[in-house]
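Structure, as structure tokens:
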There are 2 protein chains.
Amino acid sequence: MQNFIFHNPTKIIFGRGTVPQIGPETAIFGHRALLVYGRESIKKSGLYDQVTASLAQAGVAVTEHGGVSSNPLLSHVREGIAKVRAQQLDVIVAVGGGSVIDTAKAIAAGSPAACDVWDFFCGKQAVSTALPITTVLTLAATGSEMNAGTVITNEATQEKFACTHRMLYPKTSILDPELTFTVPPTYTAYGAADAIAHVLEFYMTTEDDDVPVQMEFMEGLIRNAMQSCERCLADPRDYGGRAALMWTATLALNGLTGAGLGRTAFPMHMIEHSLSALYNVPHGAGLSVVVPAWLRWRLPQDAARIAGLGQRIFGLAELDADETVWRLRGWLSTIGCPVTLAELKIPEADIPCIAANALNLARIWRLDSYSQADIEAVLSFCR
Amino acid sequence: MQNFIFHNPTKIIFGRGTVPQIGPETAIFGHRALLVYGRESIKKSGLYDQVTASLAQAGVAVTEHGGVSSNPLLSHVREGIAKVRAQQLDVIVAVGGGSVIDTAKAIAAGSPAACDVWDFFCGKQAVSTALPITTVLTLAATGSEMNAGTVITNEATQEKFACTHRMLYPKTSILDPELTFTVPPTYTAYGAADAIAHVLEFYMTTEDDDVPVQMEFMEGLIRNAMQSCERCLADPRDYGGRAALMWTATLALNGLTGAGLGRTAFPMHMIEHSLSALYNVPHGAGLSVVVPAWLRWRLPQDAARIAGLGQRIFGLAELDADETVWRLRGWLSTIGCPVTLAELKIPEADIPCIAANALNLARIWRLDSYSQADIEAVLSFCR
């Protein structure tokens, strides 16, 4: 096991009927909030009313910042920062999925900064402070509700980059699985694929072969992501399934999986970010295409680890790395996720262009060992 | 899954060579420290010198409070409180195992209190504030380094009681597995037994049958406690084994295992506390006797859950609850833990008296369903 620091200060309030706690939890940190959300769905569902009533009752005034898109945009982050500055807001409340929470984090970091917020994502500047953030989660997927990372797309440069800083842990995140009852099957499946991809990035890229506590934990999370996703698809209102998927997705990227693994990397995300940046595909859908392809590409180097995964996830009797990858790919197809570029309507002729875009991120993410040819090779398996 | 709040703010610094960080980490919270430790072993090993040098360099003045015993004593806690008050100390540094950290927590809670510290353990008063605590862990066992609980023995009343309050989370805990290289085989095994017992309390007493994320996590922790303990016994200087055991013991009682399980209880600890309070047996040794006995007593009610555990921990081909208990008992024997009262040199004739002592704790821990006869029945299996 490698040395590590684990320090995750986010308070998780999990369960049915917890949304009304957003007001008091937010009032601990500020009384002039930017309320960040996505589309109108939270108004139709009544969630918007619940949140705003709770905030009002706790004496928190609200400035609206709706309209967050999936693959959230830098321009929209900048608009949020302008509102915070103009109205001297002191806390950010995010109500939505990973895109909304990531937007809230970027605004929280950018508002008090002297530099442009994108400098944090390019690695030109380091975050030094941020406004406090509270969240109400509506989608089990990214884990952003309990980590310090944010991913934003710069539509001008077609770059989808990430920023991580310990000031960006949400102070409090409210996770009510019932809020995900209405998530459609496709996005339920994309969320599971996202959680599995998060675990697999750590599982596959650790260079430490003696991390049994973490390996057991990660294998359990993958099994749970799969089983709970199947439950949610069979019955969208299965509370236990929704709760298990939500908590699994949170634990998949809250720092525990990677603690002790030493240097790890996110090569699958690196490639997926290009798909999202160039074609605006849902993140989980893009990952579902990239993950099996990357595993196939890695088979020669990592056959033993992949084969072990096959035994412990799919119950394969024999060590069979190739079969493991096909099983995973098959399972992703079964739950309705795409596994080819064609299903994402991305022409194979674009592969060189996608790889070139991914190389930008490779530099920032210290994945310099990846060449254009490597990334093209991975993408060539996406069919 | 039941509603829960998870909020564990302790910063874990894990790995080789991390002890010198105790100075700067402590200086964040105070500059007049009570240094709590046990016997002279930390002086012989050089750890004492390392810690005091780091504290001095960070500008933290130290008042000594050595001499913590296993099953730490209320009288010694009160002496520590007197030192803190007399010298207006502002931070507590614990260097040792669970007993030392628990003593530090009790002093941290008792020093600023208007009431007597024992009132917190009897449930007569609630903790409202506490001095900040930092720790350097020297034994993988209790998990106190990353939780909010403390267990103290009142030698006057022969009561071993617990107190839990969120002010008692250590601010920072330093976990260097190399510090446990010199832990003797018996205490290494007791530590593993303690960690397994912590997991089993949650695993066996949850009334929620739909908590798959937690069950997987707990089963992985039990497997890891067993495997890593065996590694440490085979080679006390196996860093990977020591690291895995240490991190497993921490995760076994940091709030994650119980999150979402609803109401759980600690009946095995309830009974063990009497053994420690009356006979001063090491906590892990007492648990090793009580855990298999309690499981045998529970067989009629919980056969399915115990049998499932047998399949997933011991790889039993068939569902066999009875065999599971015997396997666990046998494994504890193999690693050198006692599994009978006789091995602890406790006469069976004392069973009524032990049960009567445990009943005191039953009332405080809301285990009122346990009668004198129930506890005697459990203890009757300890042979």
Side-chain angles (χ1 to χ4, degrees), chain A residues 1-18 21 146 166 171-177 208-225 227-228 231 238-252 254-256 259-260 262, chain B residues 1-18 21 146 166 171-177 208-225 227-228 231 238-252 254-256 259-260 262:
Chain A
M1 201 184 303
Q2 302 297 303
N3 285 15
F4 67 87
I5 294 175
F6 179 79
H7 188 200
N8 188 320
T10 300
K11 178 181 183 180
I12 297 292
I13 301 178
F14 191 103
R16 289 188 177 94
T18 51
Q21 296 185 51
M146 199 186 183
R166 63 167 290 97
K171 300 293 185 188
T172 302
S173 283
I174 291 175
L175 279 59
D176 181 348
D208 193 322
D209 282 329
D210 190 11
V211 284
V213 186
Q214 295 86 340
M215 293 314 241
E216 284 261 20
F217 180 49
M218 290 190 279
E219 289 160 5
L221 289 177
I222 295 172
R223 285 189 293 265
N224 268 292
Q227 290 159 8
S228 59
R231 288 175 63 175
D238 174 350
Y239 182 83
R242 290 292 188 185
L245 183 57
M246 186 172 255
W247 192 221
T248 295
T250 301
L251 293 173
N254 78 340
L256 270 180
Chain B
M1 201 183 305
Q2 301 298 303
N3 285 15
F4 67 88
I5 292 176
F6 179 80
H7 187 200
N8 188 320
T10 300
K11 177 181 183 180
I12 297 292
I13 301 179
F14 191 104
R16 288 188 177 93
T18 50
Q21 296 185 51
M146 198 183 184
R166 60 170 291 97
K171 299 294 186 187
T172 302
S173 283
I174 291 176
L175 279 57
D176 181 347
D208 192 323
D209 282 328
D210 189 11
V211 284
V213 186
Q214 295 87 339
M215 293 312 242
E216 285 261 20
F217 180 50
M218 290 191 278
E219 290 160 4
L221 290 176
I222 295 173
R223 285 189 294 265
N224 267 291
Q227 291 159 7
S228 59
R231 287 175 63 176
D238 174 351
Y239 182 84
R242 290 292 189 184
L245 184 57
M246 186 172 255
W247 192 221
T248 295
T250 302
L251 292 174
N254 78 340
L256 270 179

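Just the heavy atoms: all of them, side chains too, but no hydrogens, waters or symmetry mates, feed the values below.
- Within the 4.5 angstrom heavy-atom criterion, no atom of Thr172(B) approaches chain A.
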>> Does Met146(B) form a side-chain contact (heavy atoms from CB on, under 4.5 Å) with Phe6(A)? I'd like the steps, not just the answer.
In response: CA-CA 11 Å; Met146(B) 198 183 184; Phe6(A) 179 79; 3.7 Å; yes
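- For chain A, the nearby part of Gln214(B) is the side chain; its heavy atoms alone come within less than 4.5 Å.
- No part of Leu175(B) comes within reach of chain A, as not one of its non-hydrogen atoms sits under 4.5 angstrom from that chain.
- Only the side chain of Arg231(B) comes within less than 4.5 Å of a heavy atom in chain A; its backbone stays farther off.
- Interface residue Asp210(B): only side-chain heavy atoms are found under 4.5 Å from chain A.
- Among Glu216(A), Glu219(A), Gln227(A), the residue with the largest count of heavy-atom pairs under 4.5 Å with chain B is Glu216(A).
- Contact record, Tyr239(A) with Met1(B): CE2-O, 3.5 Å, taken as the closest heavy-atom pair.
- Heavy-atom pairs under 4.5 Å with chain B peak, among Leu256(A), Asn8(A), Ile12(A), at Ile12(A).
- Between chain B and the options Leu251(A), Ile5(A), Leu221(A), Val213(A), the largest number of non-hydrogen pairs under 4.5 Å is found for Val213(A).
- Remark: aromatic rings of Phe217(B) and Trp247(A) are distant, center separation not under 6.0 Å.
- Here the closest non-hydrogen pair linking Gly15(B) and Asn3(A) is CA-OD1, 3.0 Å.
- Of the listed residues (Gly240(B), Pro212(B), Ala225(B)), the one with the most heavy-atom contacts under 4.5 Å to chain A is Pro212(B).
- Counting only distance, with no hydrogens or angles, the side chain of His7(B) and the backbone of Pro9(A) share a donor-acceptor pair below 3.5 Å.
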